[in-house]
Amino acid sequence: MGRALGLVAILALFTGLSACIPPETECETPMPVTIEVNHPGFPKVPEHPENQLTDKGIALGRKLYYDPILHPEGKQSCSSCHLQEKSFSSDAIVLPHVNLGFDHLYLWNGSIQGSIEDAMMFEVNEFFKTDLAKLNASTDYMALFKDAFCVDQIESKHVAYALAQFFKTMNSYNAKYDQYIRKETTLTTEERRGELIFFSELGDCFHCHSAPLFKDNLVHNTGLMVEYPTEHDKGYYVVTKNPADLGKFKTPTLRNVALTGPYMHDGRFETLEEVIDFYSYGVINQDNIDPLMKQAHKGGVALDPDDMAALVAFLHTLTDESFLTNPDLSRP
Amino acid sequence: MNKIGIARPTLMALLSISIFQLSSCKEKGCTNPNAVNYEESAEKDDGSCDIKSYLTLDLKMKVADEDLELGTGSYTNSAANAYKVERVLFYLSEITAHYQGGLSEEIAEYHYFDASAPATMTLTKKHVAQGKIDSLTFVFGMRGDLNKDYALPATTEHINMQWPTPMGGGYHYMKFEGKFLGLDAEMHNYNIHMGRLVNSMGSTDPMFTLTLPLDGKDVGAVNFHMEVAMDLDGWFTGEKPYNMEDYGEGIMMNHEAQALLRKNGMNDVFKLIKTWEERLD
């Protein structure tokens with residue numbers, strides 16, 4: 001009895017001490033880094049409590065972005081449909097991967113909500129249905145994940161977190177328009193006219209395509225259709241099942257918009273001119289239409305050909321060549 | 001000395017040490033989260049809690065004194081426009097409680113309200129002075145350094161409230177949007193967007209300051225709630241009613257509409273509904 005009591009006392013002493021001592025880590029966590037976007041009005045790159053940015057995490061995310069290993073049969077990678085020279089979009093109807101780390105609403109119908117980490121969890125688990133066994137069988141990836149996340153077993157969240165880190169570096173803020181805002185260059189007379197149309201109720205683009213991201217992280221019905229024949233056409237309704245949300249879609253960014261056609265959720269417009277013509281004369285007034293759609297009862301904002309041309313010229317000032325050719329974002 | 005070779009006093013000492021070390025991870029302090037000296041890590045209250053006053057502004061959206069039914073309610077204004085409300089976003093700034101004796105407490109430098117997001121419709125300033133409050137004042141919109149490009153943190157809400165540089169810059173004071181039935185029997189969109197308009201036609205700033213009397217309400221160690229209504233009907237009501245038919249679907253470039261809304265807004269929009277106290281202990 002006495003021996004047992006003595007042992008309990010010693011055990012209690014040990015337990016009491018160890019309860020106040022943090023556990024030791026098994027490997028060295030890489031140094032965190034920060035992504036600075038030095039441009040007026042740009043938000044800070046969001047932080048995630050479990051996913052601190054590191055050089056190793058970003059590099060791993062970049063490698064994964066271009067690697068078809070994410071696909072169970074190795075048939076496609078992110079980069080198969082998201083080409084850098086097209087602002088990480090393509091002729092397929094996909095939203096461009098630009099400044100996506102700032103969003104909290106993803107996919108055309110806004111069905112993924114939260115951080116870019118949450119969006120990447122969807123991509124890994126639902127879109128690609130990544131076979132984690134393949135990654136865990138790769139000595140190359142095992143070493144890279146160990147370096148980046150200090151893990152011996154690769155889980156889907158580690159894949160998602162690495163991708164999210166790379167996405168947070170895919171930032172465009174050096175288009176001609178950005179340089180104009182920073183007073184590094186000037187716009188032509190036609191581009192200035194286009195700017196006024198864009199940033200006033202003449203064209204009223206800015207309420208949804210808010211600078212500097214040129215999107216608002218919201219869903220809107222812009223009067224594209226009154227019937228919704230496919231599930232994809234129903235938009236945000238798929239999320240809420242509220243009939244008032246039929247035909248509401250996430251506002252796509254207009255950064256590099258001259259390169260990201262075809263346009264709209266169904267890719268119905270090939271050119272910017274067709275899009276502007278729709279907003280001028282093709283809008284369908286209906287119960288669900290967003291109040292921001294000016295003159296919807298008359299078909300739209302009725303820009304004349306000169307104003308349409310000016311607006312197109314302005315939209316071309318949102319093309320960021322340095323983003324399209326950034327070597328840090330290219331195939332590693 | 002016992003069978004395992006540890007003397008009884010030594011054994012007792014070991015037990016005491018182990019108990020002490022187990023309990024030493026439990027901190028004592030103030031465990032009331034409403035207190036000035038609340039310690040999140042404290043697990044046992046030591047009676048030291050120091051509770052001061054809280055001031056809370058609760059904004060209630062109304063239409064002609066009835067609760068706003070966003071998206072579903074049908075209303076008719078004093079200009080006989082039949083309308084529905086789909087979105088109301090706005091800023092108040094310099095929200096300040098004024099005490100007898102000259103003391104004042106700023107509840108918020110500025111605040112963004114979204115009628116569809118209840119969490120944005122209430123704001124609390126903790127740990128303020130106790131005393132008799134004479135009035136609540138605030139600015140509809142923003143002035144000075146706050147109302148210029150990129151002055152507010154670049155959150156989604158503030159970015160989406162920006163008032164474009166070509167029209168004066170800064171921020172929308174309010175976005176009040178919906179649909180109305182036009183004289184042509186068609187549904188029209190309306191966008192009552194207020195902000196400081198500067199263009200070749202001149203400059204109009206619809207910002208205004210309001211004072212709501214509180215008649216020397218004595219505020220002790222409680223959370224003192226001030227319920228204030230923004231009555232949307234008031235924007236249309238005044239010497240000259242605001243008629244949606246006259247001003248069309250967007251008024252951001254319309255000096256006359258901005259000035260009329262300011263005039264109507266100063267009189268009939270913001271009202272004190274009631275005050276009440278919430279215990280903090």
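Values reported hereafter were calculated over all heavy atoms of this structure, with side chains retained and with hydrogens, waters and symmetry mates removed. Labels below follow one simple rule: chain letters A, B, ... track the order of the sequence lines, proteins then strands, and each chain is numbered from 1. From a predicted model like this one, the values you see are computed outputs, not experimental measurements.
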Could you tell me which portion of [X] (side chain, backbone, both or neither) has an atom closer than 4.5 angstrom to a non-hydrogen atom of chain A?
{"X": "B:D184", "value": "side chain"}
{"X": "B:I251", "value": "backbone"}
{"X": "B:K175", "value": "side chain"}

Determine whether more than 12 heavy atoms belonging to other residues, nucleotides or ligands lie under 6.0 Å from atom [atom1] of [X].
{"X": "A:E184", "atom1": "CD", "result": "yes"}
{"X": "B:K62", "atom1": "NZ", "result": "yes"}
{"X": "B:D46", "atom1": "CG", "result": "yes"}
{"X": "A:K183", "atom1": "NZ", "result": "no"}
{"X": "B:E186", "atom1": "CD", "result": "yes"}

Could you tell me if the side chain of [Y] sits less than 4.5 Å from the side chain of [X], heavy atoms only?
{"X": "B:M187", "Y": "A:Q286", "answer": "no"}
{"X": "B:H188", "Y": "A:N285", "answer": "no"}
{"X": "B:Y190", "Y": "A:K294", "answer": "no"}
{"X": "A:D290", "Y": "B:E86", "answer": "no"}
{"X": "A:P43", "Y": "B:I159", "answer": "yes"}

Please check this pair: side chain of [X] against backbone of [Y], looking for a donor-acceptor N/O pair closer than 3.5 Å.
{"X": "B:N189", "Y": "A:L292", "answer": "no"}
{"X": "A:E201", "Y": "B:M252", "answer": "yes"}
{"X": "B:N191", "Y": "A:P291", "answer": "yes"}

Taking side chain as everything from C-beta outward and backbone as N, CA, C, O, which of these in [X] sits under 4.5 Å from a heavy atom of chain B? Side chain, backbone, both or neither.
{"X": "A:L202", "answer": "both"}
{"X": "A:L105", "answer": "neither"}
{"X": "A:F206", "answer": "side chain"}
{"X": "A:K215", "answer": "backbone"}

Handout entry: Gap separating the CZ atom of A:F102 from the OG1 atom of B:T155, nearest 0.5 angstrom
Key =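 Atom-to-atom, A:F102:CZ and B:T155:OG1 are 13.0 Å apart.
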Problem - Interatomic spacing from OH in B:Y150 to CZ in A:F42 - rounded to 0.5 Å - result: 10.5 Å
Handout entry: Whether B:H193 and A:H207 hold their rings parallel, tilted or perpendicular, with breakpoints at 30° and 60°
Key = perpendicular
Problem - Option that, when pairs with chain B are counted at under 4.5 Å, heavy atom only, ranks first among A:I289, A:L196, A:N217 - result: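 Of A:I289, A:L196, A:N217, A:I289 has the most heavy-atom pairs under 4.5 Å with chain B.
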Practice task
Mind listing the closest non-hydrogen atom pair of B:M167 and A:S200 along with its distance?
Solution key: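 Scanning both residues completely, I find the closest heavy atoms to be CE-CA, 3.7 Å.
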Handout entry: Closest heavy-atom pair and its distance - B:T156, A:D216
Key = CG2-O, 3.6 Å
Practice task
Name the member of B:E249, B:R87, B:H172 that forms the most heavy-atom pairs with chain A at distances under 4.5 Å.
Solution key: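 Option with the greatest count: B:E249.
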